[in-house]
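Just below is one structure, and these are the notes that go with it.
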Amino acid sequence: MLRLDINLLFTAANLLIWFLLIRKFLFKPINTVISKREEALASQYAKAQELQEEAAKEKDKCAKFQEQIEQEKTAAIAKAKEDARTEYDRILTDAREKAERIVEMSREEGEQEKARIIGTAEQEIRSLIMETAVRSMQSSAGDRALYDQFLTKAGETHAE
């Protein structure tokens with residue numbers, strides 16, 4: 001059975017003293033170290049969170065910058081295509097104009113050549129007519145001989 005005596009009181013006092021001593025010299029420094037470590041961890045976690053947020057901002061910034069570069073690239077390609085199309089149209093228009101000028105010059109040269117040939121033919125016909133008229137006045141030979149001579153000369157001139 002349990003007796004209530006002074007030993008029990010000394011044991012309880014001894015336990016209380018040990019508890020207070022352990023609490024003051026052991027648990028208090030350990031709790032202080034633990035709280036400092038918790039603060040350091042919280043500080044590091046906050047820094048990590050800030051760095052993560054900053055990295056996310058930088059990532060968004062880079063994504064926007066890349067999107068802007070893509071838009072500029074697309075605009076530059078579109079402008080280059082438009083410039084090329086304009087240059088192509090200009091070259092094509094110049095080529096058509098040159099071709100039209102060449103065709104027109106060829107027509108004019110052809111018409112001049114035709115006029116020269118016709119002029120030469122008319123001059124030869126006039127000279128033949130004049131020669132025939134002169135001979136018909138000088139010669140008393142028949143019209144038939146003159147006509148044959150005219151045809152012979154006209155054939156020679158035409159064959160040349």
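This one's a predicted model, so the numbers in the text were calculated from it and none came from an experiment.
Rounding to the nearest 0.5 Å places CD of Q112 at 10.0 Å from CE of M105. A distance of 10.5 Å separates CD1 in I118 from CD in E111, rounded to the nearest 0.5 Å. Atom CG of L16 sits about 9.5 Å away from atom CG of L21, to the nearest 0.5 Å. The distance from the CD atom of Q71 to the CD1 atom of I69 is 10.5 Å, given to the nearest 0.5 Å. Interatomic distance, SG of C62 versus CD of Q66, reported as 8.5 Å (0.5 Å rounding). To the nearest 0.5 Å, atom CG of residue L20 and atom CZ of residue F25 are 10.5 Å apart.
No chain of hydrophobic side-chain contacts below 4.5 Å, direct or via other Ile, Leu, Val, Met, Phe, Trp or Tyr residues, connects I6 to L15. V33 and L26 fall into different hydrophobic clusters, defined by Ile, Leu, Val, Met, Phe, Trp and Tyr side-chain heavy atoms under 4.5 Å apart, directly or through other members. L8 and F19 fall into different hydrophobic clusters, where Ile, Leu, Val, Met, Phe, Trp and Tyr residues are linked whenever their side-chain heavy atoms come under 4.5 Å apart, directly or through other members.
The number of heavy atoms from other shown groups lying within 6.0 Å of CD (Q49) is above 12.
Contacts of E113 classified as salt bridge (Lys or Arg N to Asp or Glu O under 4.0 Å), with partners at least two apart in sequence or in another chain: R116.
In summary, E104 and R107 engage in a salt bridge, as defined by a charged side-chain N under 4.0 Å from a carboxylate O.
Pairs passing the salt bridge (charged side-chain N to carboxylate O under 4.0 Å, His left out) check and including a residue from residues 66-89, sequence neighbours excluded, read E70-K73, K79-D83, E82-R85, E87-R90. Residue pairs that meet the salt bridge (charged side-chain N to carboxylate O under 4.0 Å, His left out) test with at least one member in residues 40-56, sequence neighbours left out, do not exist here.
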- request: Check the pair D94 / E97 against side-chain contact (heavy atoms from CB on, under 4.5 Å), numbers first and verdict last.
  value: CA-CA 5 Å; D94 288 348; E97 289 174 0; 4.1 Å; yes
message: Applying side-chain contact (heavy atoms from CB on, under 4.5 Å) to L41 and Y45, what does each step give before you reach the verdict?
response: CA-CA 6 Å; L41 286 175; Y45 181 76; over 6 Å; no
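Judged by distance alone, the side chain of N14 and the main-chain N or O of F10 form no donor-acceptor pair under 3.5 Å.
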